[in-house]
Amino acid sequence: MPLKLSGNTFLITGGSAGIGLALARRFLERDNTVIICGRSQARLQEALGIHKGLKGRVCDVGNVSERLELARWIRENYPHTNCLVNNAGVQRRMELENDEPWEAVQAELRINLEAPIHLCRLFAPLLKKNASATILNVTSGLSFVPLANVPVYSATKAALHSFTQSLRHQYHGKIEVIEIIPPAVQTDLGGPGLHDFGVPLDEFADSIVAQLASNEREVAYGSAAFNRTASRADLDEVFRHINSKP
Ligand SMILES: NC(=O)c1ccc[n+]([C@@H]2O[C@H](COP(=O)([O-])OP(=O)(O)OC[C@H]3O[C@@H](n4cnc5c(N)ncnc54)[C@H](OP(=O)(O)O)[C@@H]3O)[C@@H](O)[C@H]2O)c1
């Protein structure tokens with residue numbers, strides 16, 4: 001069944017900026033209840049102040065107890081929540097030979113992979129109680145071919161793509177599972193200025209929301225749409241291209 005674009009209650013992790021906020025705005029305009037979360041109180045308050053009607057709560061999804069607390073708060077305050085958008089993510093450039101603190105790697109794994117897997121499990125019982133239960137996982141064009149200077153990030157996105165397929169299979173007929181697959185998009189992912197080469201955020205978000213109304217379960221854009229269906233030979237060529245030194 002296509003996702004109906006109004007009358008839902010969405011929880012969007014990492015909805016205070018970038019892709020999450022762009023989706024939140026569009027869902028809000030279409031008569032949905034939209035709840036966002038993020039780590040920074042200031043960033044969250046700014047988003048809530050600009051987009052009247054948005055609801056929000058500070059939550060670091062990389063932290064287990066904060067995930068549990070988020071789930072409890074949503075059950076109590078927004079029991080009609082039927083759509084979970086696992087969007088929060090971080091991206092770190094790293095040289096694998098450098099001896100950086102292991103905690104930094106663990107944090108990236110926790111936010112990008114452990115959190116969405118745990119949140120699916122925590123929210124599935126609530127989502128299933130409501131009509132049109134849907135989980136939307138935000139992966140990446142890098143789920144299909146890694147960018148070698150963001151090796152852990154690329155690995156988490158490949159793993160989340162895999163998990164999303166299994167989730168869809170196991171919840172067939174109970175929860176719709178949609179994968180949103182962005183290409184490089186102009187946001188602050190990885191730090192300000194690092195994604196200026198990507199597609200404009202509004203162009204990307206408009207296309208994604210339009211595609212969500214279709215029956216497509218994997219919703220991609222631009223180069224990510226190419227990667228999604230590319231052959232192994234094509235992906236080898238993409239690998240060479242994106243990993244060639246300038
Ligand atoms: N932009 C791209 O080129 C691109 C391409 C492919 C996939 N994606 C994926 O799209 C998703 C959104 O990325 P974006 O580009 O919009 O990045 P962004 O502009 O950096 O925004 C990230 C959002 O997530 C929040 N966030 C980060 N860590 C969090 C945590 N531990 N707990 C809760 N919220 C957290 C941030 O707020 P706080 O910092 O306040 O927590 C912010 O609201 C990510 O999963 C990313 O991997 C992006």
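Order of listing sets the numbers, starting from 1, for every ligand and every atom in it. In this text the structure is predicted, and so the values were computed from the model without any measurement. Both backbone and side-chain heavy atoms feed into the values below; hydrogens, waters and symmetry mates do not.
- Side chain of Asn32 to backbone of Phe27: a donor-acceptor contact under 3.5 angstrom is found.
- For the pair Arg240 and Glu237, the salt-bridge criterion is met [side-chain N within less than 4.0 Å of a carboxylate O].
- Protein residues with a heavy atom closer than 4.0 Å to ligand 1 are Gly14, Ser16, Ala17, Gly18, Ile19, Gly38, Arg39, Ser40, Arg43, Cys59, Asp60, Val61, Gly62, Asn87, Ala88, Gly89, Val90, Ile111, Val138, Thr139, Ser140, Tyr153, Lys157, Pro182, Pro183, Ala184, Val185, Thr187, Asp188, Leu189, His195, listed by chain and number.
- Here the rule is side-chain contact (heavy atoms from CB on, under 4.5 Å) with Leu23, and of Leu28, Val209, Leu136 only Val209 fits it.
- Residues Arg26 and Asp206 are paired through a salt bridge, judged by an N-O separation under 4.0 Å between the basic side chain and the carboxylate.
- When atom types are taken as modelled, the side chain of Ser166 and the backbone of Thr164 share no donor-acceptor pair closer than 3.5 angstrom.
- Ring centers of Phe197 and His195: under 6.0 Å apart, within the cut-off.
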